[in-house]
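Being a predicted model, the structure only gives us computed values, none of them experimental. Proteins come first, then strands; the chains are lettered A, B, ... in the order of their sequence lines, and each starts at number 1.
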Protein chains: 2
Amino acid sequence: MDGLKVSQLGARAGVSADTVRYYDRLGLLPATERSESGYRLYDERAVARLRQIRQAQAMGLRLSQIAELMRTLDGGECPCEETVEAMSERRAEIDAEIARLTALRDQLDAAIAAGETGECCDPCEDECVPEVLRPRKEVNP
Amino acid sequence: MDGLKVSQLGARAGVSADTVRYYDRLGLLPATERSESGYRLYDERAVARLRQIRQAQAMGLRLSQIAELMRTLDGGECPCEETVEAMSERRAEIDAEIARLTALRDQLDAAIAAGETGECCDPCEDECVPEVLRPRKEVNP
DNA sequence: CTTGACCTTGGAGTCGACTCCAAGGTCTAC
DNA sequence: GTAGACCTTGGAGTCGACTCCAAGGTCAAG
Ligand SMILES: [Zn+2]
Ligand SMILES: [Zn+2]
Ligand SMILES: [Zn+2]
Ligand SMILES: [Zn+2]
């Protein structure tokens, strides 16, 4: 009777019941109490934790990293240092991805500009293929 | 005897035999000739096409988009307009992703800076949780 | 007592571009 | 003739964070 069921807990943090069960499977939520009939029953501490997980996700952390932080926390230790570490790690990954995508975008911009101003496939060689997609010559291994 | 086998074709464009077979499955390569014993045999046109596919990929296009362009090409039509369209589509997606990641990175930077200068979990409320990961209040649906 | 809304479980499907596998066939060289 | 390097096929596995499923159990209202 007392205690939130999966979809009630989910609603308190804006996630689906499925997602709550998924996090539970991954061990992100505190050890679950169960009703006689087997229903998961959560308390306010679980609400706080679920929101904390979502907050960590919004900061770009992966569930695997969050799981580690939760383990530290449940072990009674302070997760501060580990959190900064995890965030720095993710920052580096995200930065690399931004760099990759930015270079790609610039290439695309140039190609789109060239494609819009150029004649259709002019000058044609062999096959009709837009300049920007012409096969590049050798790839030496 | 004449004609390149999968790994030979792959080598000419810097991809694995598996990748060549994969592209073949997706219909990206020209209709395959086969030797008596069932081996795929490719010619120079296939080399050009495989390089063209890789070029298109380097421009950020997806294999599904490239497949469409190839269909147009094989239908004897000019793929120029479609190519610009495909590139514009991808540019928009990539741009959105860059925006998302950039915002995330900025948030992370701020959080990392706050985490490095702050006292460990100070001030603590209820549980020891770094400031940047404290559960945010209500999520109203 | 039945309807309907919830809950349980394990497992599969999604997206993209591969990569790797096993079981079997082929080809060249020694 | 036999080793070894290639080829064939269909299918499964990878990464991440879900989402959806079927088959069955539970519970409150009418
Ligand atoms: Zn042309
Ligand atoms: Zn054209
Ligand atoms: Zn603390
Ligand atoms: Zn701390």
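Although no hydrogens or angles enter the test, the distance criterion places a donor-acceptor pair under 3.5 Å between the side chain of B:D43 and the main chain of B:A46. With A:R12 contributing its side chain and A:E44 its backbone, the two residues share no donor-acceptor pair below 3.5 Å. Formation of a donor-acceptor pair under 3.5 Å by the A:R62 side chain with backbone atoms of A:R90 is not found in this model. No donor-acceptor pair closer than 3.5 Å links the side chain of B:D106 to the backbone N or O of B:D109.
Between B:L61 and B:R25, the residue anchored nearer the 5' end of DNA chain C, judged by the nucleotide with its closest heavy atom, is B:L61. When each of B:D18 and B:R62 is assigned the nucleotide of DNA chain C bearing its nearest heavy atom, the one mapping closer to the 5' terminus is B:R62.
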Subject >> Stepwise side chain to side chain contact (heavy atoms under 4.5 Å, CB included) check, B:R40 with B:K5 >> reply: CA-CA 6 Å; B:R40 291 172 184 80; B:K5 283 175 273 181; over 6 Å; no

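If one axis is set at each end of the helix from C:dC1-D:dG30 to C:dC30-D:dG1 from five pairs, those axes are 40° apart, to 10°.
At the phosphate of D:dC18, neither OP1 nor OP2 sits under 4.0 Å from any side-chain N or O atom of A:S16. OP1 or OP2 of C:dT8 lies within a sub-4.0 Å distance of a side-chain N or O belonging to A:R21.
The closest side-chain donor-acceptor pair between B:R49 and B:Q52, if any, does not fall under 3.5 angstrom.
Salt bridge annotation for B:R21-B:D18: present, with a cationic side-chain nitrogen under 4.0 angstrom from a carboxylate oxygen.
Non-hydrogen atoms lying under 4.0 Å from DNA chain C are contributed by A:R34, A:G38, A:Y39, all within residues 31-39 of chain A.
Among the atoms of the strands shown, none is found under 4.0 Å from any heavy atom of A:R90.
In the set C:dT8, D:dC6, D:dC18, D:dC18 carries the atom at the smallest distance from any side-chain atom of A:L63.
Atom CD in B:Q57 sits about 13 Å away from atom P in C:dG16, given to the nearest Å.
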